[in-house]
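Counting starts at 1 for both ligands and their atoms, following the listed order. Predicted, not measured: the structure shown is a model, and the values here were computed from it. All values below were derived from every heavy atom in this structure, side-chain atoms included, with hydrogens, water molecules and symmetry-related copies excluded.
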Amino acid sequence: MSNHAARILDGKTTAQTIQARLKAEIESLSPEMGRPPGLAVLMVGDNPASAVYVRNKEKSCDRIGIASFGRKFPTETEQGEVAEVIEALNQDERVDGILVQLPLPDHFDAVSLLHGIDPNKDVDGLHPMNMGRLVRSETGLRSCTPAGVMVLLNEYGIEVAGKRAVVLGRSILVGKPMALMLLEANATVTMAHSRTENLPELTRSADILVSAVGKPKFIGADWIKSGAVAIDVGINRIFDSSGKGKLVGDFDFDAISPFCSAITPVPGGIGPMTVALLLENTVRSYRKKLRS
Ligand SMILES: NC(=O)C1=CN([C@@H]2O[C@H](COP(=O)(O)OP(=O)(O)OC[C@H]3O[C@@H](n4cnc5c(N)ncnc54)[C@H](OP(=O)(O)O)[C@@H]3O)[C@@H](O)[C@H]2O)C=CC1
Ligand SMILES: Nc1nc(=O)c2c([nH]1)NC[C@@H]1CN(c3ccc(C(=O)N[C@@H](CCC(=O)O)C(=O)O)cc3)C=[N+]21
Ligand SMILES: [Mg+2]
């Protein structure tokens, strides 16, 4: 067993650089546009990972000059009520981006709700139009978390072409678009999920391992190929013995980092990159209106 000092892939600093660039861009565009960019975030109920995201988005929007049009609904809200709000936001010229926080409560049909978002305002890249564009490698709005992973890999000069990548998780939000983006970058990609047999054997073949499962300490040292690049998308809130809450990813970080060549921390890894790419998508959609 070799012992590397894993490089920490610092998503927080990379995200700050992206946000500074976006801030300057907004300052230069807004006189011509006559308004700031606008982002609407809709949240139904109170999932803890969603709450972290909403809080960080609002802070960042304030900091770089994006107007927030957030709405929170209680868990019992009828889908029709949220669908009406989406329709109004589609028509609202001050709004460039609309994002519906996932997961939605069980009585919601997420697919039909997401169909209702104007694809040009779909800054989460979840509308079938944008998903289709991704499948075809066309430009379009792309899911922020996997896009953030690709930016971070690029920032650190990590080679993807020809490498074996294993993606744990197959959600429409993270796992599926992640696999497609790695494939587009010429990795050889395997997707794994709760029905995958012999998971540790599979992950030990990964040069690049991405976990988007949502289970603390899910991945231990014996799951890692020596020298792997390990990307932790998981955001889990756990409580220590004194009852204090903290955020952790899917990795047993201390156990696996000695075997990795590079690794993302939680917090400070993919979470801030997701926020940065969301702001980037919002500014892209805003900028497009100059030309139309
Ligand atoms: N850092 C960030 O910016 C973001 C973080 N997240 C976090 O990432 C995690 C995943 O999010 P999301 O994709 O929305 O979650 P989902 O719950 O939609 O998907 C979880 C995936 O993990 C798979 N899975 C569950 N248990 C196992 C297991 N024992 N072995 C292998 N695979 C398993 C599931 O498989 P199956 O399909 O078979 O059920 C599913 O595909 C969460 O912690 C979430 O909070 C999410 C978005 C952004
Ligand atoms: N439609 C939709 N799109 C999403 O992208 C989406 C979602 N729903 N639902 C919830 C998950 C979760 N998610 C996070 C994004 C950033 C942080 C984040 O900023 N994390 C900081 C936390 C810092 C802290 O506050 O401690 C970090 O990891 O460093 C966390 C979680 C996006 N998600
Ligand atoms: Mg989810």
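- When P272, S171, G148 are ranked by how near their heavy atoms come to atom 13 (O) of ligand 1, first place goes to S171.
- By the criterion of a heavy-atom distance under 4.0 Å, neither the backbone nor the side chain of L278 is placed next to ligand 2.
- Residue-ligand proximity, Q101 to ligand 2, at heavy-atom distances under 4.0 Å covers atoms 1 (N), 7 (C), 8 (N), 9 (N), 10 (C).
- Scanning the protein for heavy atoms near atom 28 (O) of ligand 2, the closest one is P267 CA, 3.6 Å.
- The distance criterion of under 3.5 Å between nitrogen or oxygen atoms is met by G268 with respect to ligand 2.
- Neither the backbone nor the side chain of L168 comes within contact range of ligand 1; no heavy atom lies under 4.0 Å.
- Contacts between Y53 and ligand 1 below 4.0 angstrom, taking non-hydrogen atoms only, are absent altogether.
- Salt-bridge check for R35 with E93: failed, with every basic side-chain N at 4.0 Å or more from each acidic carboxylate O.
- Residue K215 touches ligand 1 through its side chain alone, judged by heavy-atom distances below 4.0 Å.
- Taking any N or O of L247, backbone or side chain, none lies under 3.5 Å from an N or O belonging to ligand 2.
- Heavy atoms of L199 approach ligand 1 to within less than 4.0 angstrom.
- Between N56 and ligand 2, at least one N/O pair is under 3.5 Å apart.
- Close approach of ligand 1 to A212 (heavy-atom distance below 4.0 Å) involves ligand atoms 10 (C), 20 (C), 21 (C), 22 (O).
- Put simply, the side chain of D250 never gets that close to the backbone of F218: no donor and acceptor are under 3.5 Å apart.
- For the residue pair E184 and S137, a side-chain donor N or O sits within less than 3.5 Å of a side-chain acceptor on the partner.
- Using a 4.0 Å cut-off between charged nitrogen and carboxylate oxygen, D96 and K289 count as a salt-bridge pair.
- Checked by atom type and distance alone, the side chain of D252 never pairs as donor or acceptor with a backbone atom of A221 at under 3.5 Å.
- Between S194 and ligand 1, at least one pair of N/O atoms sits closer than 3.5 Å.
- The protein atom (non-hydrogen) at minimum distance from atom 5 (O) of ligand 2 is Y53 CE2, 3.2 Å.
- Contact atoms of ligand 1 toward G234: 8 (O), 43 (O) (distance under 4.0 Å to a heavy atom of the residue).
- With D124 contributing its side chain and S143 its backbone, the two residues share no donor-acceptor pair below 3.5 Å.
- When H193, M178, R170 are ranked by how near their heavy atoms come to atom 40 (C) of ligand 1, first place goes to R170.
- Considering backbone and side-chain atoms alike, V233 places an N or O below 3.5 Å from some N or O of ligand 1.
- Both tests do not hold together for K288 against Y286: distance to the six-membered ring centre under 6.0 Å, angle to the ring axis within 45°.
- Relative to atom 10 (C) of ligand 2, the option among S50, G11, G271 with the closest non-hydrogen atom is S50.
- Polar contact check, D250 against ligand 1: no nitrogen or oxygen pair lies under 3.5 Å apart.
- Contact annotation: for I235 versus ligand 1, heavy atoms closer than 4.0 Å belong to both the backbone and the side chain.
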